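First comes the structure, then the notes that go with it.
Being a predicted model, the structure only gives us computed values, none of them experimental.
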Amino acid sequence: MGAQMRFEIQAAPLDLDLTLGCGQTFRWRRTTDGSWSGVIGDQSVNLRKNGNRVTVNAHPGGRGVREYVLDFVRAHDDIGKIQGRLGEDPVLALGMKKMKGLRIVKLDEWECLVSYVLATYANIPRIMKMVDALAVNYGSRIEHGVYSFPDRMQLSKATVKELTGLGLGYRADYVKELCEIVDEQMLRSLSKASYERLRRELIELPGVGDKVADCVSLFGFGRLESFPIDIWMERALARLYKQRGSYKTLRTFAAERFGEYAGYAQEYLYHNERMHARDSCCAFSE
DNA sequence: GCCCAGGAGTGTG
DNA sequence: CACACTCATGGG
């Protein structure tokens, strides 16, 4: 069946259902036995909670895979310090109790950019379907039924017509343009940029506005000070903090209130708001 | 059938 | 700066 690699990582607290189940990443599925299967780079990965540890199965495996996985779940974050700092906020302290194992993931920059451009004005099940369609049609086959997310060369082969046919709608044009504009050098340059410059330059890309730029900054480039605001976050900020207004207004409020770890605050508030509304629409509810 | 979705782009006041 | 309108479509 080909190479397979198995090892354990320690990244407590890490709740797989919370971290992989509700909309940060669109490529992970909960299996019937409660483990999670997805793709990290060119690896087909299964994660299974094993007490205080997580058992990792990776195919095809190889040198450096352990670090890939540790980076993906941001195992090197000082969660205690982050939650201690955010816990100074009484609202957050309350909600955080149920979400201690919710971690921010670190996605590939290109995959994250395309995924969140697709995410505009679509619900999570549909986004998962679109991202999956790109992988199956333009990515590399890793093993049976599992495909990597296509790099720019692979995705460049797609025509707008094909992309529309995969259900991308008006997003097809954005994806096509991104393939033409973004290159490796740009991503490298952005990786070194300050958060403010990163954000500014992302917004210049087609299909990228305030919200997508913040998602890509947070999940793709690992900028923990980023605070994406979608419809759920508007509800959370209005309900819990009595804050309403433009994106800029809310963004400034978040920066002052939550500081360098605003991204974690955002994830706690986002999930809390969705749970509060209803528990449908969450991958791990089934 | 109806409403909504991890919004962005463009035009207008 | 804020607001209004359009965009194309599947999921609940």
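Atom CG in A/L178 sits about 13 Å away from atom P in B/dA8, given to the nearest Å. The interatomic distance linking A/K211 (NZ) with B/dA5 (C1') rounds to 10 Å, in whole Å. For A/I127 and C/dT9, the CD1 to P distance is 17 Å, given to the nearest whole Å. A straight line from CE of A/M130 to C1' of B/dA5 spans 10 Å, rounded to a whole angstrom. The interatomic distance linking A/L118 (CG) with B/dA8 (P) rounds to 13 Å, in whole Å. Atom C1' of nucleotide C/dT9 and atom CD1 of A/I124 are separated by 17 Å, given to the nearest angstrom. In this structure, the CG atom of A/L202 is 16 Å from the C1' atom of B/dG6, given to the nearest Å. Atom pair A/L168:CG and B/dA5:P shows a separation of 20 Å (rounding to whole Å applied).
Proximity of a side-chain donor or acceptor of A/E273 to a complementary backbone N or O of A/W232 within less than 3.5 Å is not detected. Not one N or O on the side chain of A/W110 forms a donor-acceptor pair closer than 3.5 Å with the backbone of A/D183. Between the side chain of A/R103 and the backbone N or O of A/T19 there is no donor-acceptor pair closer than 3.5 Å. In this structure, the side chain of A/D15 engages the main chain of A/L18 through a donor-acceptor pair within 3.5 Å.
No hydrogens or angles were tested; on distance alone, nothing pairs the side chain of A/Y170 with the base of B/dG9 as donor and acceptor under 3.5 Å.
A/Y270 comes within 4.0 angstrom of a nucleotide base, judged by non-hydrogen atoms across all strands. At a threshold of 4.0 angstrom between heavy atoms, the contacts of A/L205 are confined to the sugar-phosphate backbone, with no base atom among them. No contact: A/E234 has no heavy atom under 4.0 Å from any strand. Heavy atoms of A/F219 sit under 4.0 angstrom from at least one base atom. Nucleic acid contact for A/V117: none, since no nucleic acid atom lies under 4.0 Å from a heavy atom of the residue.
From A/N46, atom CG reaches atom NE2 of A/H59 across 13.0 Å, with rounding to the nearest 0.5 Å. The structure places SG of A/C215 at 7.0 Å from CG of A/D230, a figure rounded to the nearest 0.5 Å.
Ring to ring, A/F26 and A/Y116 are close: their centroids are under 6.0 angstrom apart.
One finds a side-chain N or O of A/S246 lying less than 4.0 angstrom from the OP1 or OP2 phosphate oxygen of C/dA2. Contact annotation: A/R235 reaches the phosphate of B/dA5 (side-chain N/O to OP1 or OP2, under 4.0 Å). The phosphate of C/dG10 (OP1 or OP2) has no side-chain N or O of A/K129 nearer than 4.0 angstrom. Taking only side-chain nitrogens and oxygens, A/R171 never comes nearer than 4.0 Å to OP1 or OP2 of B/dA8.
Remark: the separation of the C1' atoms in C/dG10 and B/dG9 is 22 Å, to the nearest Å. The P atoms of B/dG6 and C/dT6 are separated by 23 Å, rounded to the nearest whole Å. For the C1' atoms, the distance linking C/dC7 with B/dA5 amounts to 14 Å, nearest Å.
Minimum atom distance to the side chain of A/W232 is reached by B/dA5, of the listed C/dG12, B/dA5, B/dG7. With B/dA8, C/dA8, B/dG6 as the candidates, the nucleotide lying closest to the side chain of A/R126 is C/dA8. Comparing C/dG11, C/dC1, B/dG6 by their nearest atom to the side chain of A/K248 picks out C/dC1.
Here A/Y121 does not lie in a stacked arrangement on the base of B/dA5, lacking the combination of planes under 30° and ring centres under 5.5 Å apart.
Toward the 5′ end of DNA chain B lies the nearest nucleotide of A/A119, the other residue of the pair A/A119 and A/G207 mapping further downstream. Where A/V208 and A/M233 meet DNA chain B, the nucleotide closest to each residue was compared, and A/M233 sits on the side nearer the 5' end.
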